[in-house]
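Please read these numbers as outputs of a predicted model, since none were measured by experiment. Throughout, a chain's letter reflects where its sequence line sits, starting with A, and its residues are numbered from 1.
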Amino acid sequence: MAVRTRYAPSPTGYLHVGGAWMAFFTWLFTRHDGGQFVLRIEDTDRSRSTEAFEAAILEDLRWLGVAWDEGPDVVGPFGPYRQTERAELYREHAAILVDRGAAYPCYCLPEELETERQRAAAEHRPYRYSGRCRELTPAAHAEMQAAGRHASLRFRVPVTRGTLVVDDLVLGRVEFAAADLDDFIIQRSDGTPLYNFANVVDDHSMRITHITRGAEHLSNTPRQFLMYEAFGWEQPRVAHFPSLLGVDRKKLSKRHGDTAVREYKAQGYLPEALVNFFALMGWYPEDGREIFSVEEMIARFRIEDVGKSGAVFDAQKLTWMNGVYLHQALRQTPERVADLVIEALRGAGLLDGDAGPAQRAYVARVVAIMGDRLRLPKDVLTYGDFFFRDEVVYDPTAVRKQFRGQVTADMLLRLRAALAAVAPFEIGGIEQAVRDTAVALGVESKDVIHPVRVALTGKTVGPGLFELIEVLGRERVLARLEHAARLALETVPQ
RNA sequence: GGCCCCAUCGUCUAGAGGCCUAGGACGCGGCCCUCUCAAGGCUGAAACGGGGAUUCGAAUUCCCCUGGGGCCA
């Protein structure tokens, strides 16, 4: 039988890395087995679900390359794929359970349940629902309804069922005692289904064969299995993936900040880097290789190899990996890197409006000489902001380190004269001019190069000097040297 | 509080009784390369939570404890 899986996000926020990770693993597993992957929107929490979030989640999944075969925007045989459009189905199935005696109306008020709970706590017993509505007589039902009480529906746990075994694809065999469970609510008094119940109905009616979800749902599994039994349905296989943790080792959530996938996208992270990084959390290929294409991941991924323990999301390693992919993109599709850099420059206010062809070509040249220094597009600000500023921002430390008053000023002006004569203004002649100047002054090349770098860029780090001079162009180079010569005179020789 | 899951360097992990003097990667330190930085190469520091048991032999099996996490409340 073909594998059918699903990812079922709630559109109550943007897709976060934990959810994306789960979706990706599910997708990898499905593709490895040549199965079908369904996207289902769990929007029963109407107060917090929005269409905008739903659209954003779809967009972010697509950006990551996680594609679904059926979903809210794809016509499929088991739709609709939004829970709010399936309300009738839940009511019908709840009714089936009531008819079979597997569920019953419960009229207990929240206050009454709270009293039960407190008594249990006072007597140091574990709290379990008392079951007082379990065996109500028809007369009692009528009385409750006459009193204006609306019933919720509770699932009748067969306490004599004994041991419930969950044979998990990741965790292995886990046992629960039916006697530890109490009758749980499957439908609220307003007629809306609870998560656990809607999930079972949906997974079965959508023919899901393998349920993948976060480990936090493991405890729900025995309850769900009981419902499958009550319906007489075949149970799907389950796989609980470990939780994604924040640096505090708590389950990753919005309070950890920077957890939305689109936040990473906005910062210029590449989807292939994100996805490769995801793969390495909880799963490693046999040979310990770390960089591989999606195709390789699909081929190698085995759900049995997924680890059991929660993983901390290490943003530093992700950034390193982004550098690996950025450098790869630099060789294969440099214009893509240029686009990302343009975004970063725009974000920093160093570029405005739409970049014209000339500007794009200029950025491409900058990227060509310094792209291998970038891990993130915004690193362009660290190494090459001077390419995009009219006024060089001088790092005081760099100036203090490299400028020596009159001596430096003379050297800068001498090089200026030499560069003014270089034709064409290309790297070969430029390098010659710099080295000749050093010889003429009786110093080593680097004694010229370092101060000149500060003069032209304001900093001690950056791309090769000869390259950057060429890209900067004669006019700006001459102007900056002249300006820097004056600045040098103001610095006290150390 | 009850139930469940987890446990190797700071982090992601390899390790399914002897191959472990516990390997790799990120990060951190050093060296090389070099006009700087980055990249690259070499290299260093860095872990089996504790206690029992099984075994000739345990990171690897079992039990207890501890710690962390989750679900229900």
Please list, chain by chain and in numerical order, all residues satisfying side-chain contact (heavy atoms from CB on, under 4.5 Å) with [X], sequence neighbours excluded.
X	value
Glu467(A)	Ile369(A), Ile427(A)
Leu226(A)	Phe155(A), Val157(A), Pro158(A), Arg161(A), Leu164(A), Leu181(A), Glu229(A)
Asp180(A)	Ala177(A)

Reading nucleotides 23-37 of chain B 5' to 3', which nucleotides get B (base under 4.0 Å from a protein heavy atom), which S (sugar-phosphate only), which -?
-BBSS-------BBB
Find the partner of [N]: check Watson-Crick (N1-N3 plus N6-O4 or O6-N4) and G-U wobble (N1-O2, O6-N3) distances, both under 3.5 Å, and reply none if neither fits.
N	result
U21(B)	none
A39(B)	none
C33(B)	none
G67(B)	C6(B)
C72(B)	G1(B)
A46(B)	none

Nucleotide C71(B), atom C1' - distance to CZ of Arg213(A) in whole Å
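Computing the Arg213(A):CZ to C71(B):C1' distance gives 12 Å.
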Nucleotide C72(B), atom C1' - distance to CG of Leu218(A) in whole Å
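So the two atoms are 13 Å apart, to the nearest Å.
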Selection: residues 163-183 of chain A, any non-hydrogen atom under 4.0 Å of RNA chain B:
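Going residue by residue through residues 163-183 of chain A, the ones with a heavy atom under 4.0 Å of RNA chain B turn out to be Leu171(A), Val174(A), Glu175(A), Phe176(A), Asp180(A).
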Qualifying residues under salt bridge (Lys or Arg N to Asp or Glu O under 4.0 Å), relative to Asp45(A), sequence neighbours excluded:
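Only Arg48(A) meet the salt bridge (Lys or Arg N to Asp or Glu O under 4.0 Å) criterion with Asp45(A).
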Quick one: list whatever passes salt bridge (Lys or Arg N to Asp or Glu O under 4.0 Å) with Arg389(A), sequence neighbours left out.
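Partners of Arg389(A) under the salt bridge (Lys or Arg N to Asp or Glu O under 4.0 Å) test: Asp385(A).
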Who passes side chain to side chain donor-acceptor pair (under 3.5 Å) against Gln328(A), sequence neighbours left out?
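With sequence neighbours excluded, Gln328(A) shows a side chain to side chain donor-acceptor pair (under 3.5 Å) to no residue whatsoever.
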Partners of Asp167(A) by side chain to side chain donor-acceptor pair (under 3.5 Å), sequence neighbours excluded?
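Here no residue qualifies.
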Please state whether the rings of Phe278(A) and Phe24(A) are parallel, tilted or perpendicular, taking 30° and 60° as the class boundaries.
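Judged by the thresholds at 30° and 60°, the geometry between Phe278(A) and Phe24(A) is tilted.
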What integer number of Å spans the [atom1] atoms of [N] and [M]?
N	M	atom1	value
C71(B)	A14(B)	P	25 Å
C31(B)	C37(B)	P	11 Å
C5(B)	C64(B)	P	12 Å
G44(B)	A25(B)	P	12 Å
U43(B)	C6(B)	P	38 Å

